[in-house]
2 protein chains.
Amino acid sequence: MSQTVDRALSILPLLAEGPADLGQVADRLGVHKSTALRLLRTLHEHGLVYRQSDQRYRLGARLFALAQEAMENLDVREIAHAHLVRLNEECGHTVHLAVYEENEVLYIDKVESRYPVRMYSRIGKPVAITVAAVAKLLLADLPEHERRALAEKLDYPMYTSRSTPNPAAFLRELDTVREQGWATDLGGHEESINCVAAPIRGADGKVVAAMSVSAPNVVVTADELLTLLPLVRRTADAISGEYSGRTPAELQ
Amino acid sequence: MSQTVDRALSILPLLAEGPADLGQVADRLGVHKSTALRLLRTLHEHGLVYRQSDQRYRLGARLFALAQEAMENLDVREIAHAHLVRLNEECGHTVHLAVYEENEVLYIDKVESRYPVRMYSRIGKPVAITVAAVAKLLLADLPEHERRALAEKLDYPMYTSRSTPNPAAFLRELDTVREQGWATDLGGHEESINCVAAPIRGADGKVVAAMSVSAPNVVVTADELLTLLPLVRRTADAISGEYSGRTPAELQ
DNA sequence: ATGCGTGTTGCACAAAATGCAACGCACCTG
DNA sequence: CAGGTGCGTTGCATTTTGTGCAACACGCAT
């Protein structure tokens, strides 16, 4: 595609890790300093990169503004948010909202647990796609060929002994999930954390997002968490209804 | 500087206005379709641009991930330090930087007064939350319900006759502080010590930290200290600008 | 079939990006 | 204070790389 642009864009994730100086950027890109300088200057002009007082470069304000706008284009998030908050108030655990995009599953909203022990996650961060309950729901709804192709392409890291080990097992799991209309992750990502998740569907029945409730074993056992399933499904259905225009928010 | 990158980056704000197809992008860039195509493809590979089902392009969710990660790796303390030192050189008094965390306000940086009479404080030590100027700023920015809940939970020790006596008085003080955008502590913690403080805000306008200048009566009167307010606010604004990655041009 | 509006590909040419080497500059260090 | 080291920065010759063109492919409506 375009080498120059490709290099320039590679700078962004690099700076997301933290500020870096010209030399570091040039090294990690594998280009001459002068080349890196010109790329950084261009990024700077567009406000995507900022030069702090110690001369090092970091991501700039413009990027935050763009991210904000990108968010606003995802209207599921806006509709879902109030429901997620309410669910969190009812059960107290961490609530996540995720979408599938370009072979990745991304968290796009999160309401923190009210318990002191919290699970780590980050809005915008790609999800552990082979084990996360929300990922199973989103992938289970893909057309067959796409699903198979993706399953073959993925890595299957064994986060724990319960992680999905290979494509075959994953595809079987996705079939089950599609069948039952909900999904779980019982210690597949981190030994002590369990999730239950339910799908959010658009007017045409396609899964547009998925939401989950997560809690560590020390707070509730997996069995206890599973008793929340009806509540989670009801919340997801409420969001689906509002998203597809069936149930205006005012009526609830 | 770099034409190709420049063109590619110009696509982002364009798509921020709303989804567009190849032709529209090419037109607005003033380039041939094939050129626009290659640029879009490169952006796409980096996840900054997403191709929706109707083939049109829009901003991708990856932008989040970047912005979010960058935020997380930002260190107010690191960015603020040089500014605090400069402020101390200009006025000579003790300068503090504080953040709110888990129902407490903590000093995270300090530059000592150059006068022989110093006030006692320690980095990492919780601040007298009901009276300190920095605490007022940080709490004033909390969401209403959280602020009320916290105000009720706190103790109101009468360090001096001017200490905040109760939740109602505290909430009133916080409203004033939020309104005016700065705060003071005039002998509320120790009879002879006054402070002026200003907030430091992130890209989203949220108060992420607060800074203050403190001095005992024997060095400067409260009125004299207040004349430093513009300087303190300017410093805080400079830190805010740098923290949120604004370019000088956008800063005005 | 036919025409129109898309997006997409291969290619020749020219422009634009690259790496180099040299310079400026601030900061140490002996 | 001379000399050295580690940065960022600049001008320039070289050629890689991006560009626009024209042609093609595809879907859709007429």
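Residue numbering restarts at 1 for every chain, and letters A, B, ... go by the order of the sequence lines. All heavy atoms count here, side chains included; hydrogens, waters and symmetry mates do not. Predicted model only: the values in this text are computed from it and were never measured.
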**Student:** Could you go through nucleotides 13-16 of chain C and list every protein N or O atom that sits under 3.5 Å from one of its N or O atoms, giving the distance for each pair?
**Tutor:**
from: C:dA16; atom 1: OP1; to: B:Gln3; atom 2: NE2; distance (Å): 3.3

**Student:** Using a strict heavy-atom distance below 4.0 Å, which residues from residues 12-34 of chain A are in contact with DNA chain C?
**Tutor:**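 A:Val31, A:His32, A:Ser34, in order of number.
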**Student:** Compute the angle between the rotation axes at the two ends of the helix from C:dA1-D:dT30 to C:dG30-D:dC1, each taken over five pairs, rounded to 10 degrees.
**Tutor:**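 That helix gives 30° between its end axes.
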**Student:** Sequence neighbours left out, what passes side-chain contact (heavy atoms from CB on, under 4.5 Å) with B:Thr221? Give chain and number order.
**Tutor:**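 For B:Thr221 the side-chain contact (heavy atoms from CB on, under 4.5 Å) partners, ignoring immediate neighbours, are B:Asp223, B:Glu224.
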**Student:** Just jot down the side chain to side chain donor-acceptor pair (under 3.5 Å) partners of A:Glu144, sequence neighbours excluded, or say none.
**Tutor:**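 For A:Glu144 the side chain to side chain donor-acceptor pair (under 3.5 Å) partners, ignoring immediate neighbours, are A:Arg148.
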**Student:** Taking only N and O in the side chain of A:Arg41, is any of them less than 4.0 Å away from OP1 or OP2 of D:dT10?
**Tutor:**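 Yes.
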**Student:** Mind listing the side-chain donor-acceptor pairs of residues 198-207 of chain B below 3.5 Å, one per line with the distance, residues two or more places apart or on another chain?
**Tutor:**
from: B:Arg201; atom 1: NH1; to: B:Gly205; atom 2: O; distance (Å): 3.1
from: B:Asp204; atom 1: OD1; to: B:Lys206; atom 2: N; distance (Å): 3.2

**Student:** Toward the 5' end of DNA chain D, which comes first, A:Met1 or A:Arg51, by nearest nucleotide?
**Tutor:**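 Final value for this comparison: A:Arg51.
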**Student:** Please list, chain by chain and in numerical order, all residues satisfying side chain to side chain donor-acceptor pair (under 3.5 Å) with A:Arg178, sequence neighbours excluded.
**Tutor:**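 In terms of side chain to side chain donor-acceptor pair (under 3.5 Å), with neighbours along the sequence ignored, A:Arg178 is linked to A:Asp175.
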**Student:** How many whole angstroms separate atom CZ of A:Arg56 from atom P of D:dC7?
**Tutor:**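 Rounded to whole Å, this separation is 12 Å.
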**Student:** For B:Gln55 and D:dC26, give me the distance from atom CD to atom P, rounded to whole Å.
**Tutor:**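 Those two atoms, CD and P, are 13 Å apart.
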**Student:** Taking everything shown except A:Met1 itself, do over 12 heavy atoms lie less than 6.0 Å from its CE?
**Tutor:**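 Open.
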**Student:** Grab the CG-P distance between B:Asp6 and D:dG18 for me, whole Å please.
**Tutor:**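 My rounded result for the distance is 15 Å.
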**Student:** Taking only residues two or more places apart in sequence, or in another chain, which ones meet A:Glu45 in a side chain to side chain donor-acceptor pair (under 3.5 Å)?
**Tutor:**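 Residues passing side chain to side chain donor-acceptor pair (under 3.5 Å) with A:Glu45: none at all.
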**Student:** Rounded to whole Å, how long is the line connecting atom CZ of B:Arg38 with atom P of D:dG20?
**Tutor:**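 Between P of D:dG20 and CZ of B:Arg38: 8 Å.
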**Student:** Looking at residues at least two apart in the chain, or sitting in another chain, which of them share a side-chain contact (heavy atoms from CB on, under 4.5 Å) with B:Ile108?
**Tutor:**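 Partners of B:Ile108 under the side-chain contact (heavy atoms from CB on, under 4.5 Å) test: B:Arg77, B:Leu97, B:Val99.
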**Student:** Of all residues at least two apart in sequence or in a different chain, which pass the salt bridge (charged side-chain N to carboxylate O under 4.0 Å, His left out) check with A:Glu17?
**Tutor:**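 For A:Glu17, the residues satisfying salt bridge (charged side-chain N to carboxylate O under 4.0 Å, His left out) (neighbours in sequence not counted) are A:Arg28.
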**Student:** Which donor-acceptor pairs under 3.5 Å do side chains of residues 29-37 of chain A form with protein atoms, sequence neighbours excluded?
**Tutor:**
from: A:His32; atom 1: ND1; to: A:Ser34; atom 2: N; distance (Å): 3.1
from: A:His32; atom 1: ND1; to: A:Ser34; atom 2: OG; distance (Å): 3.0

**Student:** Who are the side-chain contact (heavy atoms from CB on, under 4.5 Å) partners of A:Asp185, not counting sequence neighbours?
**Tutor:**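 Residues passing side-chain contact (heavy atoms from CB on, under 4.5 Å) with A:Asp185: A:Ala133, A:His189, A:Cys195.
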**Student:** Rounded off to whole Å, could you give me the CG-to-P distance for the A:Leu37 and D:dT9 pair?
**Tutor:**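 Rounding to the nearest Å, CG of A:Leu37 and P of D:dT9 are 5 Å apart.
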**Student:** Just checking, is any N or O donor in the side chain of B:His93 or B:Asn88 under 3.5 Å from an acceptor N or O on the other one?
**Tutor:**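 Not at all, the side chains of B:His93 and B:Asn88 share no donor-acceptor pair under 3.5 Å.
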